[in-house]
Chemist: 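First the structure, which I've put down as structure tokens, then a few questions once you've had a look.
We count ligands from 1, going down the list as the structure has it; atoms in each ligand are counted the same way.
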Amino acid sequence: MIWYPYQQMKTMKEPYKITNAEGVYLYTEDRKMIDSVSSWWSVIHGYKHPVLTEAMKSQADRFSHVMLGGLTHEPVQKLADKLAKWLPGDLDYCFFSDSGSVAVEVALKMALQYYVNKKDFKRTKVLSLTHAYHGDTFKAMEVGDDEDYHFILEAYGEKKDVIHIPTQIQALEEVFAARHEEFNCFIVEPLLQGAGGMRMYDISFLKRARQLCDQFGVLLVFDEVATGFGRTGNRFVADLVQPDILVLGKALTGGYIGHAVTVANHKVYNGFYGDEPWKALMHGPTFMGNALACAVALKSIELFEEEDYISKIRRIEEITRREMQGFKHPKIREVRMMGGCVCVEVKDAKDLSGFQQFAFERGVFSRPFLNYMYAMVPYVITEEELVKVLQVMKEWFSIR
Ligand SMILES: *Cc1c(COP(=O)(O)O)cnc(C)c1O
């Protein structure tokens, strides 16, 4: 049987069984619903996009996968070239992997080994944010700051190698002044912390982080697995403040197939480059650079550019602000909006219990978690469909 994610299997409610999907719609046997979650924020072009489906089909007719150890191919070369050109500055060196969590592991390994390669063995710690989420594998969980790690803390005691700070400039300056020599990197979800509760913060924090990282020789890592490809209203937050290492996933393939990339700048790449074999980056996921994933990712980026997704996202934000501005209720703590993300945080998580079924009955798929009801819609959504999603969110409170 299937062991479902994040669920107590004993009390889990039966999941909706999907039989087809097209555009922003998911179809069950007898209903259709707008996917307001974009399948964990990845399906930015909607489902069954003809251009993306064709890209995968025609690649499958040639070959679906060959390993990247000792072999290479056109789709991975084209995607790496495209990313190098498309991403800001000298973020040019692409290490592919099969999921966001693994790409984060690779970034953290890169940052540590960068210093070990320089024979600097003191920089063993990672600076990270409170409420951070960076994936579910062990090191990614450790730099994260949520429930996932609590059982590990119970088993092992305190975290030894990660320091968490809030998104406040004062806290940032203090921790750098006190401990900068211990850090190999500072990893953040820039501007928007997703799974930690759709928390939004100001770019001034990242600008100050960039200065301090430069001043004290700490690598700055942006985990844009969730924020990349327009979710914050910026193409990448890395366009505003440039990190040393950038991690992309989720929307990279338009949600068609799992793939991710860790992109390093010239300085980081150079820390591994040389005649010494031991300086090489010792990592290599079996399915890295998968040809189907690369072919579809390349087309996804082309669509994003050709069809001016940034203005689509701006429009989503305008409509969302229009519909949600001033929306209040005694049970709501805060309504937050940024780009293609809106979150209604309630004071008591119990007040969201039953919302998923309520939304389903009104033709919207939603997946609230803890105190957070949110929408991160596919960018191809129409105004009418988006208004419907937002109205269902508001209606839930009007009957309470
Ligand atoms: C989802 C997510 C990850 C993990 O990606 P997976 O593909 O689920 O492993 C890492 N970082 C952030 C910010 C994410 O939102």
Side-chain angles (χ1 to χ4, degrees), residues 3-7 35 37-44 95-111 126-149 162 164 167 185-201 206 220-232 234 236-238 243 245-263 283 285-290 292-294 296-297 300 338-341 343 367-370 372 374-377:
W3 197 336
Y4 284 95
Y6 306 120
Q7 297 282 354
D35 182 1
V37 184
S38 303
S39 275
W40 272 329
W41 328 335
S42 65
V43 183
I44 57 174
F95 191 96
F96 293 99
S97 53
D98 34 27
S99 77
S101 303
V102 173
V104 166
E105 298 282 340
V106 170
L108 296 170
K109 193 190 264 195
M110 260 182 201
V126 174
L127 182 62
S128 141
L129 297 175
T130 49
H131 305 293
Y133 176 81
H134 295 290
D136 290 346
T137 53
F138 256 64
K139 193 70 187 176
M141 262 198 298
E142 191 185 354
V143 297
D145 176 38
D146 68 14
E147 307 249 305
D148 301 5
Y149 204 77
V162 179
H164 296 280
T167 51
C185 72
F186 180 26
I187 185 167
V188 298
E189 294 161 87
L191 294 188
L192 171 64
Q193 296 184 284
M198 308 296 166
R199 291 161 199 270
M200 298 162 190
Y201 62 94
L206 296 174
L220 182 59
V221 181
F222 279 8
D223 175 355
E224 293 219 51
V225 171
T227 57
F229 302 96
R231 194 51 74 181
T232 66
N234 308 287
F236 300 98
V237 183
I245 301 174
L246 172 65
V247 186
L248 302 175
K250 290 195 166 97
L252 174 68
T253 60
Y256 265 61
I257 186 170
H259 223 64
V261 63
T262 309
V263 190
H283 210 96
T286 304
F287 292 106
M288 72 183 291
N290 173 269
L292 297 176
C294 291
V296 78
S300 169
M338 180 186 278
C341 175
C343 174
R367 194 172 188 277
F369 60 99
L370 305 172
Y372 315 105
Y374 75 96
M376 275 162 82
V377 294

Chemist: Do Phe369 and Met198 have side-chain heavy atoms sitting under 4.5 Å apart?
Modeler: yes
Chemist: For ligand 1, what are the residues with a heavy-atom contact below 4.0 Å?
Modeler: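 If the criterion is a heavy atom under 4.0 Å, then ligand 1 touches Trp41, Ser99, Gly100, Ser101, Tyr133, His134, Gly135, Glu189, Asp223, Val225, Ala226, Lys250.
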Chemist: Quick one: list whatever passes ring-ring contact (aromatic ring centres under 6.0 Å, His included) with Phe138, sequence neighbours left out.
Modeler: none
Chemist: By the side-chain hydrogen bond (donor to acceptor under 3.5 Å, both in side chains) test, which pairs, at least two apart or in different chains, include something from residues 249-263?
Modeler: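 Qualifying pairs: Thr53-Tyr256.
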Chemist: Quick check for you: to the nearest 0.5 Å, what is the distance between Leu129 atom CG and His134 atom NE2?
Modeler: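 NE2 of His134 is found 6.5 Å from CG of Leu129.
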Chemist: Sequence neighbours excluded, which residues qualify as ring-ring contact (aromatic ring centres under 6.0 Å, His included) partners of Phe236?
Modeler: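 For Phe236, the residues satisfying ring-ring contact (aromatic ring centres under 6.0 Å, His included) (neighbours in sequence not counted) are Trp86, Phe229.
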Chemist: If you measure from CG on Leu191 to CG on Leu206, what distance do you get to the nearest 0.5 Å?
Modeler: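 That separation rounds to 5.5 Å.
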